[in-house]
Amino acid sequence: MSSTPFGSVAGSITDTFGRPLGSLRLSVTDRCNLRCKYCMPEEEYAWLPRETILSFEEMYTLTGFFTDLGVEKVRVTGGEPLLRRDLPTLIRMLLRNPQVRDLALTTNGILLADQAQALYDAGLHRVTVSLDTLDASRFQALTRRDGHHRVLEGIEEVVRVGFRGLKLDTVAIRGYNEDELVDLIEYGKGVGAEVRFIEYMDVGGATDWSMEQVFSQAEILDLVRQRYGRVEPVNEASSAPAQRFVLPDGTTFGIIPSTTTPFCATCDRSRITADGMWYLCLYATQGIDLRQPLRAGASPEEIRSTIRSVWQGRRDRGAEERKELERFGIREQLIEIGKLREDPHLEMHARGG
Ligand code: SAM
Ligand code: SF4
Ligand code: SF4
C-alpha cells in the first residue's frame, strides 16, 4: 500500500486478459467546431446536457482515482478539447497529481495557434494534431468547415513554443487522401512531427463507414515502400496503438491498424466522457456512470472499488469482435442512427477517439 493525495491505494490492476489499467482518455467536451465525415457526418446531433458536464475539479478528482489504480498516461480529448474554456487550468490541475507521468492532448488544431503557448506554460507534455490533408479544399469537403490554414498555423505554433514529440494523426480513407500519405510524411519531417496513419474505423458515429473506404495498413506500407524503398518496423515493447516504422533516412511514422489488424490484446486504455461516463472500449455500448456517485458524495474508496472491480471484470475486445464479423460478411456500421440520437455517448466525438 502507498499513500497518495487521494488516499491509500493498492497499485496497478489487471483485467480478465491480464491487461493493466494504464491509460485514460479524458473527454472535456462533446462539442466540436468541425464535422469530419468519418466522425460527425450527420446534419443534427443530440448533445450532452450542460449541467451534466464535469467541472475541472470533478475531472481532477476522477483522474486521481484512476491514477491511484495504476493509470500513468492521460490524454485530454473531446469533441474538440480546445473549445472547453480555460483548458490550461485543467492541465495545471492534472499535473498537480504526480502520478500523471504523461499528459497529452489530441486536437483538430483549429484553435491551437491561440492556445499553444498557454498550454505549454501550463506544463502539457505532448500534443497530437489531427491532420488528414494538406489541401484546403479537401479539408473543407471533409470537415464541412473552413480553417485548414489555422490548423497549419497551430502546428507551427506548437513547434515554435517548444513542445517536443508532436504527432500528426491522419485517418487514411480510400478515395479521399491515399494519394497524400507520402506528402504528409514529408510535411511531418519538415515540422519535426511523427505522422501516424489511422485506419478508418466503424465506430459509433461513423455512419458513412464502409469496408471499401478502409485504406489498410498493408496498402499504406505498399505505397510508402514504392516511394522510399525499405520500410522497417521499429521493434519496441509498447501498449501504444501505433506500430512504428522507420524509413532509410531515419524518419519514423506509425500506423494504427485498428480495423484490419486489431491490437486489443495489449489495450490498457479506457475513456471518460465529459459527463463522467466510463467506457472500457471504443466499441462499448454500455458505460459506467461515475458522475452520479461522485456528485452523491460517495467516498473515494467506494468509487475506486467500483473502478477496480469493473476493470478486473473487463473482457472488451471490440475491434477484434468487429473483425470476426467479416467471416460472415456482416461487417456494417456499428450503431444505427436512431440509437445514436437516443444516446450521444455512443458517438466517437463524445468518447474522444
Ligand atoms: N477533435 C479532436 C481531433 O479531431 O483531434 C479530438 C477528438 S477526435 C474524436 C480523436 C481522433 O479520432 C481524431 O484523430 C480523429 O481523426 C479520430 N477519429 C474519429 N472518427 C474516426 C473514425 N471513424 N476512424 C478512425 N479515426 C477516427
Ligand atoms: Fe473531427 Fe475530432 Fe470533431 Fe470528430 S471530434 S468531428 S474527429 S474534429
Ligand atoms: Fe482497446 Fe476496445 Fe480499441 Fe480493442 S477495440 S484496442 S479493446 S479500445
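Whatever order the structure lists ligands and atoms in, that order sets their numbers, starting from 1. Count residues from 1 along the sequence.
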Point to revise | SB check Lys189 Asp249 (cutoff 4.0 Å) | key: yes
**Study point:** For Phe263, atoms of ligand 3 separated by under 4.0 Å from a heavy atom
**Key:** 6 (S)
Check your understanding: Within the stated cut-off of 2.8 Å, is an N/O/S atom of Cys281 closer than that to atom 2 (Fe) of ligand 3?
Key -> yes
Revision key, fill the gap. dist Thr273:OG1 -> Arg351:CZ (nearest 0.5 Å) comes out at 8.5 Å
Exercise for review: State, yes or no, whether a side-chain contact exists between Leu112 and Leu119 at a heavy-atom distance under 4.5 Å.
Suggested key: yes
Check your understanding: Taking side chain as C-beta onward, heavy atoms only, is Lys339 less than 4.5 Å from Thr285?
Key -> no
Review point. With distance as the sole test, does His125 use its side chain to make a donor-acceptor pair with the main-chain N or O of Ala104 at under 3.5 Å?
Key: no
Practice item. May I ask you to test the Arg314-Cys267 pair for a side-chain heavy-atom distance under 4.5 Å? Key: yes
Exercise for review: Name the orientation class of the two ring planes belonging to Tyr200 and Tyr38 (parallel below 30°, tilted from 30 to 60°, perpendicular beyond 60°).
Suggested key: perpendicular
Exercise for review: Could you tell me if the ring centre of Tyr120 sits under 6.0 Å from that of Phe163?
Suggested key: yes
Review point. Can Glu301 and Arg308 be counted as an ion pair, charged N to O under 4.0 angstrom?
Key: yes
Exercise for review: Would you mind telling me if ligand 3 is within reach of the side chain of Arg271, the backbone, both or neither, using heavy atoms under 4.0 Å?
Suggested key: side chain
**Study point:** Protein residues having a heavy atom less than 4.0 Å from any atom of ligand 2
**Key:** Cys32, Leu34, Cys36, Tyr38, Cys39, Met40, Gly79, Asn108, His349
Inventory of protein N or O atoms under 3.5 Å from ligand 1 N or O:
| from | atom 1 | to | atom 2 | distance (Å) |
| --- | --- | --- | --- | --- |
| ligand 1 | 1 (N) | Gly79 | O | 2.9 |
| ligand 1 | 1 (N) | Glu80 | OE1 | 3.3 |
| ligand 1 | 4 (O) | Ser130 | OG | 3.4 |
| ligand 1 | 5 (O) | Thr107 | O | 3.3 |
| ligand 1 | 5 (O) | Ser130 | OG | 2.6 |
| ligand 1 | 14 (O) | Ser130 | OG | 2.8 |
| ligand 1 | 16 (O) | Tyr38 | OH | 3.2 |
| ligand 1 | 23 (N) | Tyr38 | O | 2.9 |
| ligand 1 | 23 (N) | Met201 | O | 3.0 |
| ligand 1 | 24 (N) | Met201 | N | 2.9 |

Revision key, fill the gap. Tyr283 heavy atoms within 4.0 Å reach ligand 3 at atoms 5 (S)
Check your understanding: On the ring face of Tyr283, is Arg322 found with NZ or CZ under 6.0 Å from the centre and within 45° of the axis?
Key -> no
Check your understanding: So does Glu42 have more than 12 non-hydrogen atoms from other groups sitting under 6.0 Å from CD?
Key -> yes
Review point. Which ligand 3 atoms, with their elements, are less than 4.0 angstrom from a heavy-atom of Asp316?
Key: 7 (S)
Practice item. Please determine if Glu321 and Arg315 form a salt bridge, counting it only when a charged side-chain N lies under 4.0 Å from a carboxylate O. Key: no
**Study point:** Per-atom contacts, ligand 3 versus Cys264 - under 4.0 Å to a heavy atom
**Key:** 4 (Fe), 5 (S), 6 (S), 7 (S)
Practice item. For Glu51, look at atom CD and say whether over 12 heavy atoms of other residues, nucleotides or ligands are found less than 6.0 Å away. Key: yes
Practice item. Check each atom of ligand 3 against the heavy atoms of Ala319 and keep those under 4.0 Å away; list them by number with element. Key: 5 (S)
